[in-house]
Amino acid sequence: MIRLAPPSRTRIAPARSVLTRCFAAGLALAVTLAVAAPAEAAARTELIGTVDGWTLPVEVYQPNGAGEETPVVILLHGEKGNRKNWQSLAEYLEKQGYAVLAPDLRKHGEASFNGRTETGESMRPNDYKAVVRFDLEAVKLLALDLHQKKQVNIRKLGILAAEDAAPAALLFTYADWLKQPLRDAPDPAFRTPTGQDVRAVALLSPEESVPGLNPGRVLRQLADDGADIAFLTLVGAADSQDKGAAEDLYKKLGGEKAERVIYAPVPGVPLRGTALLRPPLGEKLFAGLARQDGKGFFDLYLKARADVTDQWRDRTGRL
């Protein structure tokens with residue numbers, strides 16, 4: 001397991017909580033739901049490099065008119081998947097005003113090392129650790145570049161992870177919340193942030209752990225009010241492979257006692273991961289059957305954020 005120091009206990013004003021912790025009908029892909037629908041823009045592919053030498057293609061979706069208030073969502077495919085698995089969902093989110101980054105993680109899709117792809121090769125413990133330490137950090141640097149260009153607000157950052165990418169998403173979120181502001185001002189309130197940006201994490205058919213990564217010890221700290229992060233766990237209710245793990249994650253994150261932790265099983269559905277997004281089920285979920293109070297998960301916990309700490313800020317730091 002990646003060893004991380006205990007997080008700071010500095011409290012931050014919690015986000016508004018409107019969703020109940022378990023949707024009654026279970027039709028729950030709330031991550032896709034929004035109200036306004038800005039004009040769509042075409043996706044493009046960016047190539048990013050990791051510190052340890054991998055080149056990762058990232059599909060970038062940006063709505064027309066994107067600016068300082070635009071939230072950004074990172075989509076992480078599962079085992080044997082790739083960035084193209086997310087196309088329908090990414091296009092939908094883009095139409096709702098979200099910027100979307102969908103990477104090919106190492107050993108998947110068109111990711112390459114020294115010009116050679118290794119698609120299909122087994123993920124080893126060090127590979128999973130490197131996804132947290134290098135791949136996701138590189139994707140966040142791309143988001144930060146868009147932030148500095150005033151095309152997104154990185155303070156409104158969400159992650160949607162499928163299957164074996166869930167542990168990496170959780171540990172990356174934890175590591176992000178350990179990052180302290182630069183000491184570039186006497187008053188901590190005016191110091192430039194370097195992290196604590198992930199505000200909403202959605203998990204599709206999540207695995208509790210993978211070789212090299214076990215986020216179990218940090219889950220309660222992630223769900224603590226001081227961290228101000230919301231969680232949604234979506235799983236097919238008839239998916240025997242993942243349902244137990246999803247329920248266990250929900251409980252370890254605080255379960256019913258945690259205000260921003262939501263468990264949403266889809267009744268009668270045996271599908272897992274990104275397969276939940278395929279027609280006709282995916283189309284129904286996109287259409288709004290999971291909508292509650294006119295809002296969806298990312299709407300509530302990313303788009304609707306309006307605290308002073310959520311405003312766009314230059315991340316270059318003061319000299």
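Numbering of residues begins at 1 and proceeds along the displayed sequence.
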Exercise. Rounded to the nearest 0.5 Å, what separation is found between the CD atom of E163 and the CD atom of E207?
Worked result: 7.0 Å
For this session: Determine whether K107 and T119 make a side-chain contact, defined as any pair of heavy atoms from C-beta on separated by less than 4.5 Å.
Result: no
Problem set entry | Residues R199 and D228 bridged, charged N to O under 4.0 Å | yes
For this session: For K179, look at atom NZ and say whether over 12 heavy atoms of other residues, nucleotides or ligands are found less than 6.0 Å away.
Result: yes
Exercise. Is the closest basic N to carboxylate O distance between K84 and E59 below 4.0 Å?
Worked result: yes
Exercise. Is there a donor-acceptor pair under 3.5 Å between the side chain of D104 and the backbone N or O of E110?
Worked result: yes
Problem set entry | Separation between CG of L204 and CG of D239, rounded to the nearest 0.5 Å | 11.0 Å
Problem set entry | Short N-O contact, K251 and E247, less than 4.0 angstrom | no
For this session: Could you tell me whether the side chain of D248 and the main chain of A245 form a donor-acceptor pair under 3.5 Å?
Result: no
Exercise. Would you say F113 has more than 12 foreign heavy atoms packed within less than 6.0 Å of its CZ?
Worked result: yes
Exercise. Is it true that the side chains of D314 and Q148 contain a donor and an acceptor less than 3.5 Å apart?
Worked result: yes
For this session: Would you sort out whether K95 and E91 count as a salt bridge (charged side-chain N to carboxylate O under 4.0 Å, His left out), showing the intermediate values?
Result: CA-CA 6 Å; K95 291 176 183 178; E91 291 174 349; 5.8 Å; no
For this session: Start with the C-alpha gap between K156 and E69, add the side-chain angles, then the distance that decides, and say whether salt bridge (charged side-chain N to carboxylate O under 4.0 Å, His left out) holds.
Result: CA-CA 8 Å; K156 298 182 178 183; E69 294 305 314; 3.0 Å; yes
For this session: Grab the two heavy atoms, one from P103 and one from I74, that are nearest each other, plus how far apart they are.
Result: CD-CG2, 4.4 Å
Exercise. For P57 and T55, which heavy atoms make the closest approach, and how far apart are they?
Worked result: CD-O, 3.9 Å
Exercise. Checking side chain to side chain donor-acceptor pair (under 3.5 Å) for the pair Q180/R191: CA distance, chi angles, key distance, verdict?
Worked result: CA-CA 9 Å; Q180 298 300 310; R191 292 175 180 172; over 6 Å; no
Exercise. Is the side chain of R155 donor-acceptor paired with the backbone N or O of T309 at a distance under 3.5 Å, no angle test?
Worked result: yes
Problem set entry | Distance (rounded to the nearest 0.5 Å) between K303 NZ and F298 CZ | 11.5 Å
Problem set entry | Spatial distance of atom CZ (R313) from atom CG (N153) [nearest 0.5 Å] | 11.0 Å
Problem set entry | Short N-O contact, R220 and D224, less than 4.0 angstrom | no
Seminar exercise, completed: In this structure, CG of L101 is separated from CD1 of I159 (nearest 0.5 Å) by 10.5 Å
Problem set entry | Distance-minimising heavy-atom pair for A230 and Y301 | CB-CG, 3.4 Å
Exercise. Pairs in or reaching into residues 64-90: which pass ring-ring contact (aromatic ring centres under 6.0 Å, His included), with residues at least two apart or in two chains?
Worked result: H77-H108
Exercise. When rounded to the nearest 0.5 angstrom, what is the spacing between CG in L249 and OG1 in T233?
Worked result: 6.0 Å
